[in-house]
Structure formats: C-alpha cells, structure tokens
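Inspection log for the structure reproduced underneath, given as structure tokens.
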Amino acid sequence: MALTKPQKKFILNNYKVLTIKELSDKLRIKETDVGEYLRQNKKKPLVSVDELKNNSALRNEREKTIELSDEIKTKKENIGIIKILKENWKFLLCVSLGILVLYFNALGGDFVSDDYASISQNPNVGNINVMFAGGNTAVLTNYFINMLFGSTVPIAYHVVSVLLFITFVWVAFVAIMLVFNEVWLSRIMILLFAVLPVHVESVSWISGRIYLLISLWVMLGFISFLYFLRNNNWKYLLSMIVFFTLGFVTDKPRPFALFLIIGLYLIYKKVNLKQFKIFRHWPVLIGMIIIAGLIAWPNVMTRINSVNSGYNSSGSIFYNPFFQYPTAMAKYLQLLFIPMDLTLYHTMYTIPVWLNWFILLTYITAVIYFYFKDKRIFFALVFIFAGTAPSMAPVKVSWLVAERYVFLGSLGFCLFLALCFERIRKKNLYVSVILLAVLMSFYSIRTFMRNIDWQTNHNLWVNTVQVSPNSHNAWNNIGDDYDKLKQYDNAIKGFTQSTVVKPDYADAYHNRANIFYKTGQLELARDSYNTALRYSPTLFQTYFSLVQIDMMQKRYDLAFEHAQAVVKIQPNIAQSHYVFGVVLAQVGQLDGAVKELTYATQIDPTFKPASDLLKNIKSQLK
C-alpha cells in the first residue's frame with residue numbers, strides 16, 4: 001500500500017523510539033508496509049524497547065512521543081456533537097435529500113395491515129386520555145398527526161416516519177463519530193445504512209414507526225452515556241435513564257438493547273468503571289435494576305401473552321434455543337447481505353440446519369478473532385447482535401424473525417461493511433469506490449422496489465404469500481383483502497389455502513363462511529362456521545353469524561341454541577343479550593326476551609337497537 005506523506009514523516013521521526021508494531025498500530029497500517037519503507041530508506045528499526053536501556057535520551061524521547069500521541073488521541077476522542085455537526089452537516093443534508101428521493105414512492109402509500117386498527121379504524125385515535133395513558137411515544141405521534149391532519153390522510157403519517165428515519169441517521173452518525181472519530185468510515189457507514197432494503201418495513205409501514213422511535217431513544221441514551229464517561233457528570237447518566245424510559249414505555253423488551261450496546265462499548269474501550277464515583281455504589285445500582293425489572297415484569301408478561309395467544313400458541317412460551325439462534329442469526333445475516341426475500345411474515349426457513357449452525361459458529365469465531373485482531377470489526381459484529389438481541393430472547397416476546405427487529409442491529413452491519421471498504425480503499429481507492437457504488441445501487445433499487453410492496457394492502461399480501469406461501473396468516477389476510485375488493489372467488493381461495501396450511505385455523509374457516517354468507521351460499525357458510533367452532537368453541541362471533549342463518553332459514557331451535565351459547569361465552573356484552581332477546585321474541589317467549597333486552601340496556605344504555613326492541617315488546621304486553 002502506498003504510504004501518505006504524513007505517515008512517512010511519522011515513521012522517519014519515530015522509528016528510533018517506537019517498534020514497527022507500535023508504528024503500524026498508531027498509523028493503522030500493516031507492519032510489512034512500515035518495514036518495507038524503512039528498508040527502502042536504509043533505516044534500522046527498533047526491534048525491542050530493551051535496546052533503549054542504556055540510552056536515556058531516546059528513552060525520554062520515546063516517553064514524550066507516546067505521551068504526545070496519547071494526548072492527541074484523547075483530544076481526538078473528545079470531539080463534540082456540535083463540532084461533528086458543523087463539519088458534516090452538508091454531507092448529512094445530502095444524505096437526507098437522498099433518503100427523501102429514495103422513499104418518495106412510499107409517501108403516497110395507503111394504510112395497510114395493522115394501520116387500520118391503530119389509526120384509520122381506531123375510535124380512540126383522537127381521545128387524549130386513551131392515547132396518553134401509557135406514554136407510548138409511537139401512539140402519541142399518531143395522536144398529534146391525527147389532531148393536525150385527521151386519520152384518513154396516510155401521507156402525513158408516512159412523512160413523519162421518513163423524517164424520523166432521517167433524524168435517526170443524523171443521531172447514528174454522531175454516535176459512531178463519538179466512538180471512532182473517523183469521518184470517512186462514519187460517512188460510508190451512513191451511506192449504506194440510508195439505502196439498506198431491510199429498513200423499508202420500519203420506514204414505509206406506518207405501524208413500523210415504533211422501531212424507528214425505539215432505536216432513536218436507544219442511540220440518544222448511548223450518546224448520553226458516552227458523555228457521562230467523558231465528563232463524569234451524573235446529569236448525562238440521568239438523561240440516559242430518561243431516554244431509556246421513553247423507549248421502555250414505547251416497547252417493553254427492545255430498549256434493553258441500550259445496556260447491551262453500553263456493555264459492548266465498555267469492552268471495546270476497556271473502560272474501568274471504578275474511576276466513576278457513582279459506580280462505587282454498585283449494590284445500590286443492582287438493586288435499582290432489580291426493582292426496575294420487577295416493575296417491568298407485568299408488562300413483559302403482557303407482551304408474552306399477546307405473542308403466544310390464540311392460534312400463535314405452541315404450548316410453550318419458550319423457543320428452542322438450539323433452533324432459534326442458529327436460524328434467526330443466519331436469516332438476519334442473509335437478509336442484510338442479500339435482501340431478496342423480504343416479507344412481512346418470515347416462515348420459509350429453507351437453509352439446512354447444519355448450514356445455520358455453520359453460519360452462527362462462523363459469526364462467533366469472527367467475533368473472537370477480531371477481538372484480538374481488530375476491535376473495530378469486533379465492535380461492528382457484536383453490535384449486530386446487541387441491537388437485535390432483545391427481539392431474540394428465548395422467551396417468546398417476538399416472532400422468530402422480522403425485518404423491523406434488525407433495524408438497530410443493522411447499524412453494526414453497515415459499520416462492518418464500511419470497515420471492509422476501508423481496507424479495500426487502502427489497497428486500491430478506485431476499486432473501493434466502484435464496489436461501493438455497485439452495492440449502493442443494488443440496495444437503492446431493492447429499497448425502491450420494496451416500497452411498492454407497502455403502497456397498498458393488496459400489494460403487501462400478494463408479495464407476502466409469494467415469498468411466504470406456508471404462512472396461514474398471509475393467506476388469511478389476502479383473503480380478507482380480496483373480500484374488501486369484492487373479489488369473492490379469490491377471497492374463498494385465500495381463506496381455503498390458509499386452512500390447507502393450518503388445518504385447525506378457525507379464523508380462516510369463519511372468514512370463508514362470511515364470504516359464503518355474502519354470496520348466498522348459506523349451507524356452505526353453515527358448514528364452514530361449524531368447522532370453525534370445532535377448532536375454537538369459544539369463537540363467539542361465529543355463533544352470532546350462525547344465529548343470522550338460523551333465523552333466515554327459520555330453524556329457531558338452532559337459533560336458540562346458538563344465541564344461548566353467545567350469552568354463556570360473552571355475558572358482559574350487550575349485543576349477546578340483544579341477540580338472545582331477538583330469538584326469544586321470535587319464538588314467542590316475550591317475558592324471556594324482556595329479561596335479556598333489559599340486561600343489554602343495563603350493560604350499555606346507549607345500545608339503541610336493544611332499547612327500541614324492549615319498548616316495542618313492552619307495548620305488546622300491555
């Protein structure tokens with residue numbers, strides 16, 4: 001590798017007092033390059049510090065050189081946020097404009113998937129008491145956007161997501177500069193991060209915004225901790241706790257990535273925490289962590305029950321770690337390196353088990369190797385895991401793999417690529433530029449195309465069933481989408497395929513029955529509803545639907561049986577008693593109807609159908 005003039009000057013000025021290894025470490029070049037340059041200039045290198053035993057002048061010069069280089073290094077490490085932004089704002093502004101162009105085709109996207117329940121069909125989206133109740137920052141942003149633009153304008157929600165992504169890019173750049181203070185490295189990392197296709201799920205999907213916010217709070221907390229280490233000022237530790245809290249109220253498990261990243265940094269820098277007074281009271285700190293854990297536990301259990309309830313239940317709340325970690329890590333690395341099979345539901349794990357283990361063991365080996373060889377690469381590789389680990393807990397707080405889970409961890413992947421490009425650059429600048437341009441072009445095109453998948457609900461589910469044909473959820477959702485499009489034949493095919501993939505999936509049978517009902521195929525609807533109840537006897541919505549068919553076919557005995565089942569399953573819902581009252585009135589049991597309708601009005605005094613029917617029956621009894 002060709003040495004620069006400053007490198008050559010440093011070698012010639014210090015070869016008498018620093019060994020070849022020390023020179024290469026300080027210049028971050030190969031020892032062979034240093035040795036070759038000294039041979040070319042016929043200079044004899046210092047082989048060992050022992051050679052300076054009898055030369056006090058050179059020993060003093062060596063000490064001054066090391067002290068000066070350490071002082072320069074310290075000043076370099078103490079670069080501040082303001083200086084970083086002043087020197088790099090133009091670059092970051094260009095990256096921001098590039099992101100706006102790259103995600104421009106996402107801005108016009110519709111509400112899709114979970115967006116309906118959380119925004120457009122959420123009756124509480126404008127209710128300040130409900131939306132502020134938990135302090136969830138993702139929910140709060142929806143409230144404020146709704147307050148300004150309403151819940152029917154998806155572009156406003158998309159713009160906020162893209163702006164949050166840009167904000168995170170600026171924050172991530174500052175954080176990596178504070179850790180490494182290497183402008184070229186940090187810029188290449190951010191360029192790659194800005195175009196990484198795996199980010200589309202978090203940026204283009206409105207409901208994926210929560211992962212942008214969690215990652216933002218984690219990185220701001222990390223920056224606060226870096227400033228605490230630098231200044232030994234408790235106010236920075238307090239700000240770190242505030243940012244962690246903002247992340248925690250937004251999502252329970254994933255903000256704990258902050259402590260994993262902090263631990264990684266302490267290992268990377270070999271920081272001795274004993275020098276900080278606050279850490280001398282470690283029993284108190286551990287006690288605080290335990291108390292925080294106890295407070296968090298109910299919320300964590302709520303999340304576990306949410307993920308493992310209904311038809312996602314597998315009989316255990318724990319993953320098999322011998323399957324989970326090799327499979328998840330191999331899949332995440334594949335999605336980062338080769339982002340071709342991007343999908344909302346990752347269920348196609350086609351890589352053989354032995355290959356998953358090989359990839360995981362190779363990753364672990366690389367982490368151990370670079371811990372001793374190059375700690376920057378060690379930091380990058382471990383960051384991938386640290387940022388993703390809370391979503392990979394052996395307790396099922398998350399799905400096995402999801403692109404949005406690796407948003408924060410992908411920062412480590414981009415740092416790893418940037419370090420690889422740095423090595424190539426030292427050998428051949430032009431080759432590194434060409435390879436970087438090719439990779440960024442590929443990633444940009446893939447990101448642009450992936451945005452199209454998220455533009456409409458139909459695009460999303462068509463892509464999902466194509467990439468994950470063994471996902472019963474995907475087939476059920478595409479059936480629901482075809483229902484909305486009034487393509488009933490395709491809807492039936494979608495729901496049927498869902499039951500083929502998962503024969504005991506009651507929701508799909510119920511949804512297919514709804515289509516049969518809409519198209520007047522009542523016996524097929526009844527058969528499908530009954531199949532749903534066979535697999536889920538407490539699916540009360542199915543009983544409601546069966547009552548409708550029973551009444552239409554004047555099979556009042558079945559109507560009575562199904563309505564009675566509804567009341568038994570859902571006794572605290574006004575509609576249950578209303579339906580039972582309707583059936584009783586139809587068969588002439590008016591006193592019983594009055595009783596049920598009275599219950600309905602007591603449960604919900606605003607339920608007008610029940611109150612109107614009750615008045616009508618009472619007037620008949622007079």
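Numbering starts at 1 and runs along the sequence shown.
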Only pairs under 3.5 Å count here: list side-chain donor-acceptor contacts from residues 331-340, not counting sequence neighbours, and write none if there are none.
unit_1	atom_1	unit_2	atom_2	d
K331	NZ	Q334	OE1	3.0
K331	NZ	D341	OD2	2.4
Y332	OH	A402	N	3.3
Q334	NE2	I338	O	3.0
Q334	NE2	D341	OD1	2.8

Inset, instruction - Indicate whether any N or O donor in one side chain lies under 3.5 Å from an N or O acceptor in the other, for T137 and T250. - result: yes

Legend entry - Under 3.5 Å side-chain donor-acceptor pair for W217 and T245: no

Inset, instruction - Begin with the C-alpha distance, continue with both residues' side-chain angles, and end with the deciding distance and a verdict on side chain to side chain contact (heavy atoms under 4.5 Å, CB included) for I223 and F243. - result: CA-CA 10 Å; I223 291 173; F243 287 125; over 6 Å; no

Mind listing the closest non-hydrogen atom pair of [X] and [Y] along with its distance?
X    : Y    : answer
L460 : S113 : CD2-CB, 4.0 Å
Y405 : R254 : CE2-NH2, 3.2 Å
V179 : K269 : O-NZ, 3.7 Å
P321 : P326 : O-CD, 3.5 Å

Sub-3.5 Å donor-acceptor pair from the side chain of [X] to the main-chain atoms of [Y], do we have one?
X    : Y    : answer
S468 : Y345 : yes
N233 : K235 : yes
S432 : L429 : yes
D251 : I210 : no
T141 : A138 : yes
N88  : I84  : yes
K373 : Y369 : no

Inset, instruction - May I have all residue pairs that pass side-chain hydrogen bond (donor to acceptor under 3.5 Å, both in side chains) and include part of residues 357-368, sequence neighbours excluded? - result: none

Legend entry - Audit row: L436, V433, side chain to side chain contact (heavy atoms under 4.5 Å, CB included) steps and yes/no: CA-CA 5 Å; L436 179 63; V433 171; 5.8 Å; no

Inset, instruction - Decide whether a cation-pi geometry holds between K375 and F379; the criteria are a distance under 6.0 Å from NZ or CZ to the six-membered ring centre and an angle within 45° of the ring axis. - result: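 No cation-pi geometry.
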
Under the ring-ring contact (aromatic ring centres under 6.0 Å, His included) rule, collect the residues that match up with [X], sequence neighbours excluded.
X    : result
Y325 : none
W454 : W205
Y236 : Y227
F442 : none

Legend entry - E182: which of R376, R425, R187 passes salt bridge (charged side-chain N to carboxylate O under 4.0 Å, His left out):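 Checked R376, R425, R187 against E182; only one passes salt bridge (charged side-chain N to carboxylate O under 4.0 Å, His left out): R376.
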
Legend entry - Separation between OG of S161 and CG of L212, rounded to the nearest 0.5 Å: 6.0 Å

Inset, instruction - Calculate, to the nearest 0.5 Å, the distance between atoms CG and CD1 belonging to L381 and I368 respectively. - result: 11.5 Å

Inset, instruction - List the steps, then state whether side chain to side chain contact (heavy atoms under 4.5 Å, CB included) holds for L266 with L229. - result: CA-CA 10 Å; L266 296 177; L229 293 181; 4.1 Å; yes

Inset, instruction - Could you name each residue pair satisfying salt bridge (charged side-chain N to carboxylate O under 4.0 Å, His left out) that touches residues 349-363, not counting sequence neighbours? - result: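 For residues 349-363: none.
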
Please tabulate, for the side chains in residues 163-178, all donor-acceptor contacts under 3.5 angstrom to protein atoms that are two or more places apart in sequence or on a different chain.
unit_1	atom_1	unit_2	atom_2	d
T167	OG1	L163	O	2.8
W170	NE1	S96	OG	2.8

Please table the atom pairs, donor to acceptor, closer than 3.5 Å between any side-chain atom in residues 190-200 and protein atoms at least two apart or in another chain.
unit_1	atom_1	unit_2	atom_2	d
H199	ND1	F193	O	3.0
H199	NE2	S410	OG	2.7

List for me each residue that meets salt bridge (Lys or Arg N to Asp or Glu O under 4.0 Å) alongside [X], sequence neighbours excluded, and say none if there are none.
X    : result
R209 : none
R450 : E403, D453
D114 : none

What about [X] and [Y], are their ring centers closer than 6.0 Å?
X    : Y    : value
F259 : F244 : yes
F407 : Y211 : no
F413 : F383 : no

Legend entry - I214 vs L408, side chain to side chain contact (heavy atoms under 4.5 Å, CB included): CA-CA, chis, key distance, verdict: CA-CA 9 Å; I214 295 166; L408 179 58; over 6 Å; no

Inset, instruction - Assess whether atom CH2 of W89 is packed by more than 12 heavy atoms of other residues, nucleotides or ligands within 6.0 Å. - result: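 Not more than 12 within 6.0 Å, no.
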
